[in-house]
Structure formats: structure tokens, C-alpha cells
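See structure below.
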Amino acid sequence: MSEIAERVRRVLDDPGLWPREPKEATALQREMAGRVREEPLDADAVRYVAGLDVSYARDDSALSAAAVVLDVRTMEVVDSAVFSAEPSFPYISGLFAFRESPPVLEALGRLSVTPDVYLCDGFGLAHPRRFGVACHLGVLLDAPVMGSAKSVLYGKHSEPGDERGSWTPMVAGRSEVVADSAALAAEGAEVIGRVLRTRAGVKPVYVSVGHRVDLEGAADLVLRLSPRYRVPEPVRHADRLCGEHRKAVLAARDDAP
DNA sequence: GCGACAG
DNA sequence: ATCTTGTCGC
């Protein structure tokens, strides 16, 4: 069994990490947030990136998670894994990780290639308690994780320029669009993420540090991973894979009750 | 108390 | 997230 698979098993089997009540989950986030570490990420040294995503049935009766590993140097898929089950935690904004992490970890435990860094479809530090799913997975695995979300949950930001690669900082505070978030950052506001235009003229993505990466390195890598579409390639692949898997599971279930 | 609210 | 066809625009 791989090192990651062992770590995954240990984490999933620890009942103390998976509270059933929102109140306890929030308390656990506050506790675990102190373990997040920001470290320099040399995007040039990264080779394998794992994109993570989860797909749900409309009635919430099933879910499928996928992890797809890409070689950044060729942008080719080198490994992938999926896992299906029933949701064990409701969707509550801010407690997203308690719903998505278990199936994602199960998928990660089934990979053969060990990723250098993981990319979540969601936030890391850009979270009310500075502990989004990217931080959560990072701390549980003690691995480099970054987050790339498609909409804002928390934080003030201004709109980046229309060109691909243009960006503005996200700073702590209630979700709000401001005239100049870079000025707020320069005045000392806590920078929690970056609004990044991965495709000219298209809505940007929101990048934040999960664990053991830095914002600069994460944003650099996310941009490289998005040469053509708004959403970074590893996440696009994972999105497609878990969606197909989830549909297949539902079809099989309704086909042979 | 009211509104917001990753996927 | 999911349910869904066509359609507006470069």
C-alpha cells in the first residue's frame, strides 16, 4: 500500500475527525486551522498535479468523487481514480469539507501515482475561519494543496483586467466587490487569495492557499494548468470523470434493484 | 434579527 | 452541485 493510501486510511478511520454536528465541525475547523502552513511552491519543480472533484445526484442519494493526475510538463493524464457512496454530511456553506473530503480521500487512496501537489475545486484560506477544503485536505494529508473556486464565499476583491493572467488580491472581510483590493492589501489587510483571469474576457477563478504552498506559486501553477479554459485542466478532467461515474452508478442502481 | 452562503 | 435546448456571439 502506498504512503498516501496508508495516510488516507488512518485519517478516514479516525472518528474524531468526522463530527456529525455542524457545531462540532465548526469547532474542529477552528482547531485545525492552526496547523495550516504556508511554504514556497516552486511551480517549475512540480510534475504531477491531482485535480479533485465530486458529483452529486439531484436527490442527494449518491455521489462520486474523482482524482485525476496530470503531468504538468505534457498536460497528459497519467493516473485517475474514482469512488462512489452516499453523502454522509449535508451541504452547508463553510462546512463543505466535511461533505466532500471523505469520498475524495477514498479516491486518492486508490491512485498509483503520488501527486506532487493537489488542486481542489473550492477554497483554502479564503474562508470565514481560514479553513476551506483545500486547507482541510492539506492538513489531513500533510501534503501541498491549493484551491481554485468558481465563485466567492468570503473576502473582498476587485475585478482583474480582461487579459489572461491578470489578477487582484482577495483580502479578509465579508464577501464584497471593492474598487481597489490591492490598495487594501498594501495598507496591511490580510491577503487570503487571488482573483485570477485564466481566460481573456471570461469570469475569473478564485485561487487560495490550502497547505504547504504559497499564493504566488499556487496562482502561477493554476494559470499554467489553465492554458485554454477557465477551469484548470486537472479539475476539468476530475469533473468529467466523477460526473460520468455518478451517472453510471445511478443507471446501474435503477437497472438492477 | 437579516442577508449571504465554495460544491 | 443538479435539471436541460437552443442560442447569442466571436
Side-chain angles (χ1 to χ4, degrees), chain A residues 22 25-26 29 33 36 51-68 82-105 107 118-138 145-157 162-164 170 172-178 192-196 198-211 218 222 228-232 234-251 253-254:
Chain A
T26 301
Q29 286 185 322
V36 173
L52 314 172
D53 197 20
V54 181
S55 172
Y56 300 90
R58 178 169 45 166
D59 62 2
D60 218 35
S61 63
L63 108 211
S64 290
V68 178
V82 291
F83 175 78
S84 295
E86 288 181 14
S88 58
F89 199 92
Y91 172 71
I92 299 174
S93 174
L95 297 180
F96 188 45
F98 292 94
R99 177 173 172 82
E100 297 221 341
S101 299
V104 162
L105 286 164
Y118 299 82
L119 178 58
C120 291
D121 189 17
F123 294 107
L125 293 177
H127 176 278
R129 292 171 291 282
R130 312 296 187 276
F131 202 68
V133 65
C135 296
H136 207 128
L137 282 172
V145 182
M146 48 192 189
S148 167
K150 300 185 292 296
S151 64
V152 179
L153 166 66
Y154 170 84
K156 305 176 192 298
H157 75 274
D162 282 339
E163 338 78 71
R164 168 180 145 79
M170 296 179 75
R174 191 207 65 179
S175 174
E176 178 186 11
V177 177
V178 299
I192 56 174
R194 189 176 285 194
V195 184
L196 176 66
T198 52
R199 190 176 176 177
V202 174
K203 180 181 163 79
V205 295
Y206 306 86
V207 180
S208 55
V209 168
H211 187 55
V222 166
R228 181 169 171 125
Y229 301 103
R230 174 169 90 113
V231 175
V235 173
R236 291 186 72 240
H237 282 285
D239 179 82
R240 181 180 46 69
L241 184 58
C242 66
E244 289 173 353
H245 207 260
R246 195 260 309 161
K247 284 174 188 169
V249 166
L250 292 183
R253 185 189 66 184
D254 300 337

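Chain A is the first sequence line, chain B the second, and so forth, proteins listed ahead of strands; every chain is numbered from 1.
Here A:Val152 lies in heavy-atom contact (under 4.0 Å) with sugar-phosphate atoms only. Counting non-hydrogen atoms under 4.0 angstrom, A:Gly147 reaches nothing in the nucleic acid.
With sequence neighbours excluded, the residues that form a side-chain hydrogen bond (donor to acceptor under 3.5 Å, both in side chains) with A:Tyr154 are A:Arg130. Applying the side-chain hydrogen bond (donor to acceptor under 3.5 Å, both in side chains) criterion to A:Ser88, with sequence neighbours excluded, gives no partner residue. Under the side-chain hydrogen bond (donor to acceptor under 3.5 Å, both in side chains) criterion, A:Ser101 pairs with no residue at all, not counting sequence neighbours. Looking at residues two or more places apart in sequence or on another chain, you find a ring-ring contact (aromatic ring centres under 6.0 Å, His included) between A:Phe89 and A:Phe98. Residues satisfying the side chain to side chain contact (heavy atoms under 4.5 Å, CB included) criterion with A:Ser61, sequence neighbours excluded, are A:Ala57, A:Asp59, A:Leu250, A:Arg253. Remark: A:Val36 engages A:Leu125, A:Phe131, A:Cys135, A:Val139, A:His211 in a side chain to side chain contact (heavy atoms under 4.5 Å, CB included) (not counting sequence neighbours). Residues satisfying the side chain to side chain contact (heavy atoms under 4.5 Å, CB included) test with A:Val231, not counting sequence neighbours, are A:Lys150, A:Val235, A:Arg236.
At a cut-off of 3.5 Å, with distance as the only test, a side-chain donor of A:Arg246 or A:Ser55 sits close to an acceptor on the other residue.
Contact check on A:Arg99 versus A:Asp60 returns a salt bridge, with a Lys/Arg side-chain nitrogen under 4.0 Å from an Asp/Glu carboxylate oxygen.
Along DNA chain C, read 5' to 3', the first and last nucleotides having any atom under 4.0 Å from a heavy atom of chain A are C:dA1 to C:dC3. With a heavy-atom cut-off of 4.0 Å to chain A, the contacted part of DNA chain B has its first and last nucleotide at B:dC5 to B:dG7.
Ring geometry for A:Tyr206 versus A:Phe123: interplanar angle of 30 to 60°, hence tilted.
Exactly one of A:Leu119, A:Val222, A:Val195 qualifies for a side chain to side chain contact (heavy atoms under 4.5 Å, CB included) with A:Val207. That residue is A:Val222.
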Walk me through it: do A:Val209 and A:Arg194 pass the test side chain to side chain contact (heavy atoms under 4.5 Å, CB included)?
CA-CA 9 Å; A:Val209 168; A:Arg194 189 176 285 194; over 6 Å; no
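Less than 4.0 Å separates DNA chain C from at least one heavy atom of each of the following residues of residues 52-61 of chain A: A:Ser55, A:Tyr56, A:Arg58.
Counting non-hydrogen atoms of neighbouring residues, nucleotides and ligands closer than 6.0 angstrom, the NZ atom of A:Lys203 exceeds 12 such neighbours.
Closest approach of A:Thr198 and A:Arg164 over heavy atoms only: O-NH1, 3.2 Å.
For DNA chain C, no stem formed by at least three consecutive Watson-Crick or G-U pairs, with both atom-pair distances below 3.5 Å, is detected.
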For DNA chain B, the dot-bracket pattern of Watson-Crick and G-U pairs whose distances stay under 3.5 Å, | for other-strand partners:
.......
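Side chains of A:Val82 and A:Leu241 form a contact here, defined as non-hydrogen atoms less than 4.5 Å apart.
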